[in-house]
Amino acid sequence: MNTDGLKIYTLPLVIDWKPLDHKTMLDIGLSIFRAGAAEDFAAVSAESGEPLITSMVPGKELTEIDPSMVLIKAPLSAYELWQFQRKKRDVRQDFFERWNATVSETGTGRPVDAILAPVAPFTAVPHGKNWRVWYPLETSIGTLIDYHSYLGYTMVWNFLDCPALAMPVSRVNPLIDVKRSAHEFLNASDRSVYELYEPKTFKDAPIGFQIVGRKHEDEAVIAMAEIVDEALKAL
């Protein structure tokens, strides 16, 4: 993201952050999150006798199945779950070692205080269009393509136990935020994000980013957000 405006303001040093593989963290996190498969949902819905919903799109609850609302194929065994927990431990260790290593770049004698990052690969989207990002999902009715709002920019902080605060920056201006020419896409998700954006459709949609801090530093994140907010207002 563009941090030039913050660099010229009276903020501490701003350096470029080189992230770890968010997809790996997302895959491990979702595997843990979905470990119980149908059992958890079935237990809750059984209390009222209500059926499980299949879509969050109004009017399509009974006619169109949203893959993100379908239960995964089967629960994980205790052994399988702990293998994912082990992977989570190792990835988290790598992440915080990288964070600590930024002490060599800051010149302050300590690592960076926070990370400024996008909240999603797109701005806020029109109603009903937040599920168009491609993602394969093994479900109780087979492999489906889950077009949900991509979680790789936010769920990683849940995965890492890092506090994060999202804040607005500006709004889409069709005259400035034009659609770029098609390029070589990283994967099917990247292509779906590109195809989703149309300047006229997204006119005045909020644009934001998030401030991410270290574990147990929630209050510091709020304080830093206030500093960044003042910096943005001064631009």
Side-chain angles (χ1 to χ4, degrees), residues 1-5 14-34 55-57 60 64-70 72-73 84 87-88 91 94-95 98 115-139 141-160 162 164 166-212:
M1 63 182 293
N2 190 338
T3 58
D4 292 343
V14 177
I15 64 174
D16 290 329
W17 172 259
K18 300 177 180 62
L20 285 172
D21 183 359
H22 279 209
K23 186 179 184 303
T24 295
M25 290 189 275
L26 179 62
D27 289 343
I28 296 172
L30 286 175
S31 296
I32 295 172
F33 178 74
R34 293 167 170 163
S55 175
M56 291 295 288
V57 179
K60 294 186 178 181
E64 185 174 307
I65 296 178
D66 179 347
S68 65
M69 305 301 294
V70 178
I72 64 172
K73 192 171 184 179
F84 282 115
K87 292 178 181 179
K88 175 182 178 181
V91 171
D94 290 342
F95 176 86
R98 177 170 294 192
I115 298 171
L116 300 181
V119 180
F122 35 65
T123 68
V125 300
H127 182 63
K129 290 191 176 184
N130 65 332
W131 51 274
R132 287 192 55 190
V133 180
W134 185 93
Y135 199 82
L137 179 66
E138 292 296 327
T139 76
I141 59 174
T143 302
L144 297 176
I145 302 303
D146 182 5
Y147 293 91
H148 63 66
S149 180
Y150 184 63
L151 305 175
Y153 289 73
T154 53
M155 188 174 178
V156 292
W157 310 124
N158 300 103
F159 178 89
L160 295 164
C162 290
M167 59 188 300
V169 177
S170 60
R171 292 181 179 273
V172 173
N173 182 336
L175 299 179
I176 299 175
D177 305 310
V178 298
K179 188 166 185 173
R180 297 181 180 180
S181 301
H183 55 279
E184 183 178 346
F185 299 105
L186 298 173
N187 48 41
S189 294
D190 188 26
R191 178 185 291 275
S192 67
V193 170
Y194 174 81
E195 293 174 348
L196 174 67
Y197 181 70
E198 291 297 339
K200 291 183 179 180
T201 303
F202 281 75
K203 180 182 178 180
D204 293 328
I207 301 172
F209 63 77
Q210 57 187 329
I211 301 175
V212 182

Checklist line | CZ-CD1 distance between Phe209 and Ile115, expressed to the nearest 0.5 angstrom | finding: 13.0 Å
Next item on the list: Please report the shortest heavy-atom distance between Ala205 and Ala124, naming the atom on each side.
Entry: CB-O, 3.5 Å
Checklist line | Where Val91 and Leu20 come nearest, the two heavy atoms and their spacing | finding: O-CD1, 4.3 Å
Check: So, for Pro199 and Pro174, which heavy atoms are closest and what is the spacing to 0.1 Å?
Finding: O-CG, 3.6 Å
Next item on the list: Would you indicate whether the side-chain heavy atoms of His183 and Asp190 approach each other to under 4.5 Å?
Entry: yes
Item checked: Note: Arg98-Asp94 ion pair, threshold 4.0 Å (strictly below) -> no
Next item on the list: Could you grab the distance from atom CG of Asp27 to atom NE2 of His22, nearest 0.5 Å is fine?
Entry: 12.5 Å
Margin query: I want to check something: taking the side chain as every heavy atom from C-beta on, are Thr123 and Asp177 in contact at a cut-off of under 4.5 Å?
Written below: no
Item checked: Phe185 atom CZ, neighbour heavy-atom count above 12 within 6.0 Å -> yes
Check: Got a second to check how far Lys88's NZ is from Phe95's CZ, nearest 0.5 Å?
Finding: 13.5 Å
Check: Between Lys87 and Ile28, which heavy-atom pair has the shortest distance, and what is it?
Finding: CB-CD1, 3.7 Å
Check: With distance as the sole test, does Tyr153 use its side chain to make a donor-acceptor pair with the main-chain N or O of Ala117 at under 3.5 Å?
Finding: no
Notebook entry, point to check: Is the number of heavy atoms from other residues, nucleotides or ligands within 6.0 Å of NZ (Lys179) greater than 12?
Noted result: yes
Checklist line | From CG (Asn173) to NZ (Lys203), nearest 0.5 Å | finding: 8.5 Å
Check: Of all heavy-atom pairs between Trp157 and Ala164, which one has the smallest distance, and what is that distance?
Finding: CD1-CB, 4.1 Å
Item checked: Approximate separation, where rounding is to 0.5 Å, of Phe202 CZ and Leu196 CG -> 4.0 Å
Margin query: Does any part of the side chain of Ile211, heavy atoms only, come nearer than 4.5 Å to the side chain of Leu116, both counted from C-beta?
Written below: yes
Check: Got Asn158 and Phe33 here, is their nearest side-chain heavy-atom distance under 4.5 Å?
Finding: no
Margin query: Could you check whether any side-chain heavy atom of Val172 comes within less than 4.5 Å of a side-chain heavy atom of Tyr197, counting everything from C-beta outward?
Written below: yes
Note to self: Quick check for you: to the nearest 0.5 Å, what is the distance between Ser181 atom OG and Tyr194 atom OH?
What the structure shows: 6.0 Å
Check: If we only count heavy atoms from C-beta on, is the Met155 to Leu30 side-chain gap below 4.5 Å?
Finding: yes
Notebook entry, point to check: Which atom names give the shortest non-hydrogen contact between Val212 and Cys162, and what distance separates them?
Noted result: CG1-CB, 3.8 Å
